[in-house]
K.L.:
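I'd like to ask some things about the structure below.
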Amino acid sequence: MIATDEKRKLYDTIDEKIETLLQMKPDEASRLSAHEVIRRVYTDPKLGLSWKEADERIKLYGFNEFSVTEQQSLWQKYIEQFKNPLILLLLGSSFVSICMQQFDDAISIAVAIIIVVSVAFIQEYRSEKSLEELNKLVPPTCHCLREGNVQTFLARNLVPGDIVLLTMGDRVPADLRLIDAIDLSIDESSFTGETEPSVKTSQQIPASKSNGIESKKNIAFMGTLVRCGHGRGVVIGTGEFSEFGSVYKMMAAEESPKTPLQKSMDSLGKQLSMYSFAIIFFIMALGWFQGRHILEMFNIGVSLAVAAIPEGLPIVVTVTLALGVMRMAKRKAIVKKLPTVETLGCVNVICSDKTGTLTKNEMTVTSLITSELYQAEFTGVGYDAKGHCMLLDEGKDYKQQMDSIKLVLEVGCVCNNADIIEGQLRGQPTEGALITAALKVNLSDVREKYIRLQEYPFSSEQKIMAVRCLVRSQMNEERFFVKGAIEKVLNYCTHYSSNKELVPINLDRKSQYIKEAQFMGRKGLRVLAMAYGSKLEEMVFVGMVGMLDPPRPGTAESVRTLHGSGIKIKMLTGDSEETACAIAARLGLYAYGSTAVSGDEIDNMSEEALILKLPNVSVFYRVGPRHKLKIVKALQSSGCVVGMTGDGVNDGVALKKADIGIAMGKVGTDVCKEAADMILIDDDFYTIMGAIEEGKGIFYNIRNFVTFQLSTSIAALSLIAFATMIKIPNPLNAMQILWINIIMDGPPAQSLGVEPVDHDVLKQPPRNVKEPMITKDLIFNVLLSAGIIISGTLFIFKTEMSDNMVTPRDTTMTFTCFVFFDMFNSLSCRSQIKSVFTIGLLSNKPFLFSVIGSIIGQMLVIYAPPLQKIFVTEALTLQDLLFLTAISSSVFIVSELKKFVYRQALKRQKRKEVYQNDFV
């Protein structure tokens, strides 16, 4: 080992030393011999670093962890909530009210602001996790060689040049160039998406074969898990300089986009402000030109401003989203930020990881073919022995078939390093699947018949695993057991088993076996062939098994439902093309006309070329983190709202960049949960459907509130404007306008936001995010309702003011008529399509109670003497109330008729489409 002082002479500056050591990337290290890597990082493979040298390197390279950008303080995060345009507008309205000495109104607006800001802040603060969560992937301790002794200490203290020892169950603490690898297999699924653990070697990899993470067999990557075996490696990258660190930096560089709802709310706030103040200015100017007192008109104008500005909208949005979050939590979906909920209703493309998301990440033997070509299928999934073996050749001898099947599984169990203890797998998923299949045919103690003498581990070059054993009953008899790729296993076979007799194998027979294997491969199965013999060069072929990483229950049905609602689903996986396409076809993702694109092809495409290719692509295979990010960006550039599901480190960057990132809660890494906007507790793809239903329902509820609020605001503004234009006294005084404002923004309006979600919304196509919240249809509905309210209210006012003198009775009748119109209007706004009688008069209990409460409040304003003085009202007769009810109900009746006509038009359109499709 070179002394520290001696090494320092090799460098002119510290920067040069940092560059020399930390530029050892996995690509470069894999192409060098272990000896050359050790020489470059100035360490000793037998002694390791000294504690003094390690401390020096920590000063130079930092700890083996991720630096987190400085977080905002709590008060800064709270102030951040006030940047919403609607909140700023409300603050201005409150300031004007204070200037006009309307303190009650100023207080009510201030309370509304505080409620909205506080709810949003608390929800965001509780949901957000800092990037420090990433450090959980770095194991707390590691086994390292220091000064010739194996020491156990915190992994954060590792530095380049340290010698780390790995054994089964360890999580790799940093990027390592392996020096020794004895039966070492590492689960890299969080990086590559590959189900099978990667078998490691210490040999250098030629440059031509070292493309991609999965090909670097001599590198152990930070955060991956040692499945079996043991090994030793030299640290070549720590913290942000590791392969995982590059994913971290990509995540930190990407900003989460604004949600469609946030954009809609920003736009809506600006529109409402502009339109409202334009009308108010017009009313004040017109009254002034007509010779009315400017102070009176200004007072009316301020009251109208308070009525026009939708201070209830932020509350409705916040409460509606918060309730949606709580409902989704009950459906096993955790949302980290409130606006994310509604984004689900806009998603039109879902990019889904395969392993662990669409599939269970559990290998299961589903098919078996013996050397006699007997066929069997196995039921059950995972590593639970519950399941059966079903013979497909019913006309043949049952005992012969079962003996042949057991012989295949016996080879698979003996040539195996896995164990299943109380339903839990210890070892590789493939080997666990073989043991499980053996248990299903009551083959549990087969290993006890043999004594293992030697193992020939699986390698990517040989593609087989073999063991040499002694038969316990005949201690002088040796036997080899082999499993692996069928073309490799057949190369060792000179015979095949035919009902316990050995028959020489010929080319036709081998060709037949290969065809059967290819047939299983096209079904998405991984095929393993089995053989045994007294010599490795003279093996007896006994059969093959087909294994499947089964789709999650209900996933195929979810895919069909989402396709039916206009959402496209694209599968992203690190698997091979054959396996990826077979699984996609099984789930209904890959059909005639679909294409598959590899990660290498994506690398060679420009973003423009990828955008053109995307519409017909259903499957992306052999893709890594950069490919996934490029796919998400290309989809967003083409105008799509992208949902991304995933569970591994390799999904983290794309999850953060997507419009909504969806992480798996059970098998998901801390990284993907940190990057995601939503976490599925049960890892069930089906849960996404419920989340989308909630997202769509929330937007419709917010739109219903906006429809009600705008129609009431326009009616109130226009009522005063028309009265001013036709030179009649104002039908409502300032206090009455403020009371209407309380009703308009109060409980009846708020309760529209908690309308139960209509399950039929899932059948509706995703919302077009380019379409503003105030659409032509919404404007028509608003103007229609406002027109009826204005006409009815002015009719009452003109009828009552027969002597051209405004009396308390006149304003009371007009005022009450407007409030009743509001109540019926809110009832009709509960749904834009369905009849209130269809969705149920009592289905929204908060709405029912709020309407009843508002009517009681109006009665108190009319009949309670103290309130009569404040609002300048007088008592009305029962006949008056019934007359006003009949007039004001017209807005509800017209709305119901309009909905009926619209529904009939939709039915005719659907019948026409069905007829055209049948004709074609």
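Predicted model only: the values in this text are computed from it and were never measured. Counting begins at 1 with the first residue of the sequence.
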K.L.:
Kindly give the heavy-atom pair with the smallest separation between Ile679 and Met664, and that separation in Å.
P.N.:
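In terms of heavy atoms, the two residues are closest at CG2-C, 4.3 Å.
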K.L.:
Say you draw a straight line from NZ of Lys696 to CG of Asn701; how long is it, rounded to the nearest 0.5 Å?
P.N.:
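Reported value, rounded in 0.5 Å steps: 14.5 Å.
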K.L.:
Hey, what do you get for CD (Glu693) to CE (Met689), rounding to the nearest 0.5 Å?
P.N.:
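Interatomic distance, Glu693 CD to Met689 CE, rounded to 0.5 Å: 8.5 Å.
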K.L.:
Quick check against the 3.5 Å criterion: does Asp880 have a side-chain atom that pairs as donor or acceptor with the backbone of Met813?
P.N.:
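No, because the side chain of Asp880 does not come within donor-acceptor range (under 3.5 Å) of the backbone of Met813.
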K.L.:
Looking at Leu876 and Leu884, what are the two nearest heavy atoms and their distance?
P.N.:
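So the two residues come closest at CD1-CD1, 4.1 Å.
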K.L.:
If I take atom SG from residue Cys829 and atom CZ from residue Phe705, how far apart are they, to the nearest 0.5 angstrom?
P.N.:
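Separation between the atoms: 10.5 Å.
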K.L.:
Can you label the angle between the Phe892 ring and the Phe837 ring as parallel, tilted or perpendicular, going by 30° and 60°?
P.N.:
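Perpendicular, since the angle between the ring planes exceeds 60°.
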K.L.:
Using the rule given for side chain to side chain contact (heavy atoms under 4.5 Å, CB included), can you reason through Thr811 versus Thr873, listing the C-alpha separation, both sets of side-chain angles and the distance that settles it, and then say yes or no?
P.N.:
CA-CA 7 Å; Thr811 56; Thr873 58; 5.7 Å; no
K.L.:
When rounded to the nearest 0.5 angstrom, what distance separates CZ in Arg830 from CG in Asn844?
P.N.:
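The CZ atom of Arg830 sits 5.0 Å away from the CG atom of Asn844.
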K.L.:
Does the side chain of Phe871 reach to within under 4.5 Å of the side chain of Ile862, using non-hydrogen atoms?
P.N.:
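No. Closest side-chain heavy atoms not under 4.5 Å.
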K.L.:
Over all heavy atoms of both residues, which pair between Glu755 and Ser843 is shortest? Give the atoms and the distance, please.
P.N.:
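Heavy-atom minimum between the residues: OE2-OG, 4.0 Å.
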K.L.:
For Val836 versus Leu827, what's the shortest heavy-atom pair and its separation?
P.N.:
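Here Val836 and Leu827 meet closest at CG2-O, 3.2 Å.
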K.L.:
A side-chain contact here means heavy atoms from C-beta on lying under 4.5 Å apart; do Phe820 and Ser889 qualify?
P.N.:
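No, every pair of side-chain atoms sits at 4.5 Å or beyond.
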K.L.:
Nearest 0.5 angstrom please: Phe847 CZ to Ser826 OG, how far?
P.N.:
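Rounded to the nearest 0.5 Å, the CZ-OG separation comes out at 3.5 Å.
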K.L.:
Would you please test Ile796 and Phe818 for side chain to side chain contact (heavy atoms under 4.5 Å, CB included) and show each step?
P.N.:
CA-CA 10 Å; Ile796 293 294; Phe818 195 96; over 6 Å; no
K.L.:
Please check if atom OH in Tyr863 has more than 12 non-hydrogen atoms from other residues, nucleotides or ligands closer than 6.0 Å.
P.N.:
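Yes - once you tally the heavy atoms of other residues, nucleotides and ligands closer than 6.0 Å, there are more than 12.
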K.L.:
Take Leu635 and Cys351 through the test side chain to side chain contact (heavy atoms under 4.5 Å, CB included) and record every step on the way to the result.
P.N.:
CA-CA 10 Å; Leu635 286 166; Cys351 295; 3.4 Å; yes
K.L.:
Identify each donor-acceptor pair in which a side-chain atom of residues 776-792 lies under 3.5 Å from a protein atom, sequence neighbours left out, and give them as a table.
P.N.:
residue, atom, partner, partner atom, Å
Asn781, OD1, Lys898, NZ, 3.1
Asn781, ND2, Asp777, O, 3.4
Asn781, ND2, Gln832, OE1, 3.2
Ser785, OG, Asn781, O, 3.1
Ser791, OG, Gly787, O, 2.7

K.L.:
May I ask you to decide if Lys834's main-chain N or O and Tyr902's side chain share a donor-acceptor pair within less than 3.5 Å?
P.N.:
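It does not hold such a pair.
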K.L.:
Considering all heavy atoms of both residues, which atom of Phe797 and which atom of Thr814 are nearest to each other, and what is their separation?
P.N.:
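Taking Phe797 first and Thr814 second, the nearest heavy atoms are CD1-OG1, 3.2 Å.
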K.L.:
Counting C-beta onward and ignoring hydrogens, is there a side-chain heavy-atom pair between Pro731 and Leu719 closer than 4.5 Å?
P.N.:
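With C-beta onward as the side chain, the pair touches.
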K.L.:
I would like to know whether Ile569 and Leu587 meet side chain to side chain contact (heavy atoms under 4.5 Å, CB included); could you show each step before the answer?
P.N.:
CA-CA 11 Å; Ile569 301 175; Leu587 293 171; over 6 Å; no
K.L.:
Hey, is CD on Gln879 packed in by over 12 heavy atoms from elsewhere, all under 6.0 Å?
P.N.:
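Counting neighbours around CD of Gln879, 12 or fewer heavy atoms of other residues, nucleotides or ligands fall under 6.0 Å, so no.
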K.L.:
Please tell me if the side chains of Val642 and Lys657 come closer than 4.5 Å, counting only heavy atoms from C-beta onward.
P.N.:
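They are not in side-chain contact.
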K.L.:
Between the main-chain N or O of Val891 and the side-chain N or O of Ser895, is there a donor-acceptor pair closer than 3.5 Å?
P.N.:
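No, Ser895 side chain to Val891 backbone: no donor-acceptor pair under 3.5 Å.
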K.L.:
Which atom pair, heavy atoms only, marks the closest approach of Asp677 to Asp659?
P.N.:
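Scanning both residues, the minimum pair turns out to be OD2-O, 3.8 Å.
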K.L.:
Calculate, to the nearest 0.5 Å, the distance between atoms CD and OG1 belonging to Glu896 and Thr838 respectively.
P.N.:
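Answer rounded to 0.5 Å: 8.0 Å.
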K.L.:
Could you work out, with side-chain hydrogen bond (donor to acceptor under 3.5 Å, both in side chains) as the rule, every residue matching Thr816, not counting sequence neighbours?
P.N.:
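Applying side-chain hydrogen bond (donor to acceptor under 3.5 Å, both in side chains) to Thr816 gives Gln858.
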K.L.:
For atom NZ of Lys899, decide whether the heavy atoms of other residues, nucleotides or ligands shown that lie under 6.0 angstrom number more than 12.
P.N.:
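Result for NZ/Lys899: enclosed.
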